[in-house]
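Scroll down for the structure; my scribbles are underneath it.
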Amino acid sequence: MKDALLAALQKAIAVLHEQGLLDTDALPSSAQITRTRDASHGDFACNVAMVLAKAAKMPPRQLAEKLIAELPSTAEIVRTEVAGPGFINFYVSHDVATSIVPTVLTQGEDFGRGKPDKPLRMNVEFVSANPTGPLHVGHGRGAASGASLSSLLRFAGHEIDAEYYVNDAGRQMDILGTSVWLRYLQACGEVFTFPSNAYQGDYLPEMAESLLREHGQALRHSAEVVFADVPADAPQGGDKEAHIDALIAAAKRLLQDDYRLPFNIALESILADIRQDLGEFGVHYQTWFSEASLHPEKVDAAVAELTAAGHMYEKDGNVWFRSSDFGDEKDRVVRRASGSYTYFASDIAYLRDKFARGYEHLLYVFGADHHGYVPRVRAIAEAFGYDQERVEFCLVQFAVLYRQGEKVQMSTRSGEFIPLRELRNEIGNDAARWFYVMRSTDQHMDFDLDLAKKQSSDNPMYYVQYAHARICRVLEQAQERGWAFDREQGEANLGLLTSEMEAEILTALAAFPERIESASRQREVHNVCNYLRELAASYHSWYNSEKALIEDAALRNARLALMAAAQQVLANGLRVLGVSAPTQM
RNA sequence: GCGCCCGUAGCUCAGCUGGAUAGAGCGUCGCCCUCCGGAGGCGAAGGUCAGGGGUUCGAAUCCCUUCGGGCGCGCCA
């Protein structure tokens with residue numbers, strides 16, 4: 001419809017150009033057709049007269065009049081008018097408005113699906129929490145946002161792979177593996193003080209038990225031997241970092257090849273837990289990418305490529321990446337004097353690997369606390385010669401949980417995490433998914449747990465789901481009364497849907513594909529929530545004022561057709577969000 | 001100190017590639033069940049879009065600046 005209107009305006013402009021009133025015959029790119037917010041402004045509005053007023057040396061309203069006079073007449077537009085400072089408002093015919101119903105019913109779950117001119121093969125990375133313990137609520141918003149954004153982009157017609165980067169290399173993992181081993185030693189009967197900097201979680205003794213079951217006492221060494229030459233821990237007046245590092249070294253030395261046993265048990269069981277947790281949350285990945293798999297070949301190769309390109313230099317025995325050449329605030333060490341790679345080296349290899357796998361576009365969904373990381377990753381991409389625009393970041397601000405008006409305390413330092421699983425159990429997966437994404441991701445948000453649990457219209461998710469369930473019940477009722485929905489008759493009588501509320505719903509249904517397109521283009525999942533709430537509100541309002549199950553079969557089926565279309569669109573929108581569309585509640 | 005995000009109704013937030021009278025929910029105050037699910041609907045009150053400058057036909061939206069709030073600035077991962 002918008003394209004048809006633009007084409008018509010284009011013709012009118014060409015006519016005015018021939019008459020010498022305009023010095024251009026082109027439609028300016030800043031001219032746009034928009035859906036009106038207010039029905040009293042018609043269905044569509046165009047700003048072209050205001051944009052061209054200066055060039056035409058004519059007041060906008062006068063220019064608008066002249067343009068309207070030259071518009072080719074069509075059956076689809078029943079009225080055109082000049083309004084406000086010079087808008088041209090278009091009123092579409094009732095037939096055009098109701099034609100959305102058969103369109104929705106025919107396209108079904110594909111209604112709203114986008115067909116971009118050039119679909120992007122895109123990698124979306126999110127969560128990527130270190131596998132050192134269960135996910136907690138701090139990861140929840142990233143998980144919900146990443147998953148819904150992926151699904152939105154996919155629905156908008158892009159080819160999306162969701163990816164989880166597993167940080168299974170590095171010191172944190174060594175601390176975890178060593179922690180498990182120490183718990184194992186305790187389970188074997190060794191007596192010593194558990195290090196303050198080791199992982200304290202109560203999931204560790206369980207892993208130690210399974211290590212004991214599988215390998216008996218094979219990995220046992222006496223506490224005396226293990227702690228020989230280990231400097232004091234912090235509570236004893238020493239240094240906690242030095243203490244744990246010495247224990248890691250002792251573990252590697254004493255266990256040799258067996259070092260990987262406690263390490264792998266820890267990694268596998270935690271990863272399995274995360275995977276299950278996310279799966280239950282409706283968050284699924286195409287790829288779980290292991291950081292360790294980058295070492296050493298891919299890291300060597302990536303570093304060699306940047307070295308050859310002249311982006312590396314040596315200083316103080318360290319190898320540095322000249323990231324400040326690409327807008328980063330300072331250069332970064334890639335390889336220490338000791339010969340070991342930094343975490344940044346993995347990042348370099350990882351980005352290169354993503355592009356090597358054929359992705360045209362990389363989207364990183366980060367927690368806002370990682371924003372300092374953005375210039376670094378951009379610098380890597382640029383150094384490899386990739387266009388900046390192919391690397392994109394979505395920063396997700398923190399959500400603060402509130403219960404009974406009180407902020408729910410959660411400090412990473414005290415280790416008092418609320419597990420994501422606990423939140424899901426408390427309020428349900430649907431509410432958690434909806435509430436995490438209902439606000440713009442760059443907006444720090446308050447998450448009201450009590451509201452999320454409420455089963456009333458106060459709760460926007462409930463309100464939308466209820467609209468869907470209500471329609472399902474009406475359609476069922478119709479059947480029970482021997483008035484099963486007759487689609488053919490309904491579609492033949494859509495002309496009977498003439499009330500303001502019906503017009504409002506029709507307009508909302510027609511807007512769905514555009515709303516999906518703009519939400520995906522702007523990476524704004526929350527707009528899908530807003531849209532669904534608006535549609536649900538229109539529906540509830542209509543439901544309250546008009547009965548569908550009436551004797552008049554023509555009108556009844558026309559209304560049922562509109563309902564069925566609304567039901568379909570509600571379901572499609574909820575599906576994008578990863579929220580269920582219940583048939584009864 | 002430097003960088004990123006934010007500041008819109010009592011509260012939580014939409015609206016931001018500049019467009020018409022700045023919207024919604026909650027809360028407050030009224031009203032509506034002989035009814036397809038009241039788990040709902042209708043209405044009222046409520047605003048210096050943090051302050052100040054600028055850009056222009058037009059600014060909540062863009063630019064500058066001040067003031068507030070959040071977060072980040074390791075050879076950690």
Side-chain angles (χ1 to χ4, degrees), chain A residues 29-30 32 34 36-38 40-41 45 47 50-51 53-54 59-60 83-87 89 129-130 132 167 169-175 241 291 316-320 329-330 332-338 340-347 367-375 393 395-398 400 402 405 438-448 451 454-460 462-463 465-467 469-478 480-481 483 521-522 524 526-527 529-530 533-534 537 539-550 556 559-560 563 584-585:
Chain A
S29 59
S30 52
Q32 46 189 352
T34 49
T36 57
R37 253 190 298 180
D38 189 331
S40 68
H41 296 145
N47 63 346
M50 291 179 288
V51 173
K54 205 178 236 176
F87 288 102
N89 291 341
N130 286 347
T132 51
N167 297 128
R171 182 164 172 268
Q172 289 305 315
M173 287 306 297
D174 278 329
I175 294 178
E241 306 292 350
E291 179 192 357
D316 311 328
N318 298 314
V319 177
W320 297 71
E329 59 188 62
K330 61 180 193 179
R332 309 282 167 181
V333 172
V334 169
R335 189 168 204 165
R336 304 181 186 92
S338 67
S340 63
Y341 282 115
T342 63
Y343 184 77
F344 191 61
S346 299
D347 285 338
D369 55 336
H370 281 65
H371 71 255
Y373 195 73
V374 171
F393 300 87
L395 296 172
V396 180
Q397 297 290 328
F398 290 134
V400 180
Y402 282 83
M438 70 189 282
R439 304 302 186 191
S440 163
T441 49
D442 51 30
Q443 181 79 247
H444 155 108
M445 72 171 275
D446 290 352
F447 192 133
D448 185 338
L451 180 61
K454 235 174 175 177
Q455 310 204 337
S456 74
S457 63
D458 302 358
N459 178 341
Y462 222 84
Y463 186 79
Q465 286 187 323
Y466 180 50
R470 238 180 178 181
I471 296 174
C472 294
R473 293 294 294 153
V474 173
L475 290 169
E476 267 177 49
Q477 271 287 319
E480 283 168 26
R481 297 185 189 192
W483 287 343
R521 184 166 32 81
Q522 299 180 62
E524 290 179 334
H526 70 284
N527 278 327
C529 296
N530 290 339
R533 230 208 64 82
E534 290 162 25
Y539 175 74
H540 284 306
S541 180
W542 178 53
Y543 174 91
N544 217 254
S545 68
E546 308 272 14
K547 282 189 70 168
L549 299 185
I550 50 175
R556 181 180 71 236
R559 286 184 176 160
L560 289 178
M563 276 195 192
Q584 59 177 32
M585 300 172 71

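What's counted below: heavy atoms across the whole structure, side chains too, no hydrogens, waters or symmetry copies. In the text below, chain A, chain B and the rest are named by the order of the sequence lines, each starting its count at 1.
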Relative to A:Y539, does A:R470 satisfy both conditions: NZ or CZ under 6.0 angstrom from the six-membered ring centre, and within 45 degrees of the ring's axis? no

Relative to its sugar, using the 90° cut-off around 0, the base of B:rC29 is anti

Distance between [atom1] atoms of [N] and [M] (Å, rounded):
N      : M      : atom1 : value
B:rG46 : B:rC6  : P     : 30 Å
B:rA9  : B:rG18 : P     : 24 Å
B:rC71 : B:rU28 : P     : 32 Å
B:rG25 : B:rU66 : P     : 39 Å
B:rU21 : B:rG41 : P     : 29 Å
B:rC49 : B:rC16 : C1'   : 12 Å

Tell me the partner of [N], counting only Watson-Crick (N1-N3 plus N6-O4 or O6-N4) or G-U wobble (N1-O2 and O6-N3) with both under 3.5 Å; none if nothing fits.
N      : value
B:rG38 : none
B:rG23 : B:rC13
B:rG72 : B:rC2

Below 3.5 Å, does any donor atom in the side chain of [X] face an acceptor in the base of [N], or the other way round?
X      : N      : value
A:D442 : B:rC5  : no
A:H371 : B:rG3  : yes
A:N89  : B:rA20 : yes

Nearest-0.5 Å distance, CG of residue A:D446 to NE2 of residue A:H444: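 Atom-to-atom, A:D446:CG and A:H444:NE2 are 5.0 Å apart.
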
Check whether the aromatic ring of A:F398 stacks on the base of B:rG70, taking stacking as ring centres less than 5.5 Å apart and planes within 30° of each other.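 Check failed, A:F398 does not stack on base of B:rG70.
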
Between A:R559 and A:K547, is there a donor-acceptor pair closer than 3.5 Å when you use the side chain of the first and the backbone of the second?
yes

Please determine whether a side-chain nitrogen or oxygen atom of [X] lies at a distance below 4.0 Å from atom OP1 or OP2 of [N].
X      : N      : answer
A:R336 : B:rG74 : no
A:K547 : B:rU34 : no
A:Y341 : B:rA77 : no

>> Are more than 12 heavy atoms, taken from residues, nucleotides or ligands other than A:R37, located less than 6.0 Å from that residue's CZ atom?
In response: no

Would A:Y466 and A:H540 count as a ring-ring contact (aromatic ring centres under 6.0 Å, His included) if you check the C-alpha gap in whole Å, the side-chain angles of each, and the deciding distance to 0.1 Å?
-> CA-CA 9 Å; A:Y466 180 50; A:H540 284 306; 5.4 Å; yes

Given atom CE of A:M438 and atom P of B:rA24, what is their separation to the nearest angstrom?
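Atom-to-atom, A:M438 to B:rA24, this comes out as 16 Å.
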
Separation of B:rG15 atom C1' from A:R439 atom CZ, nearest Å, is 13 Å

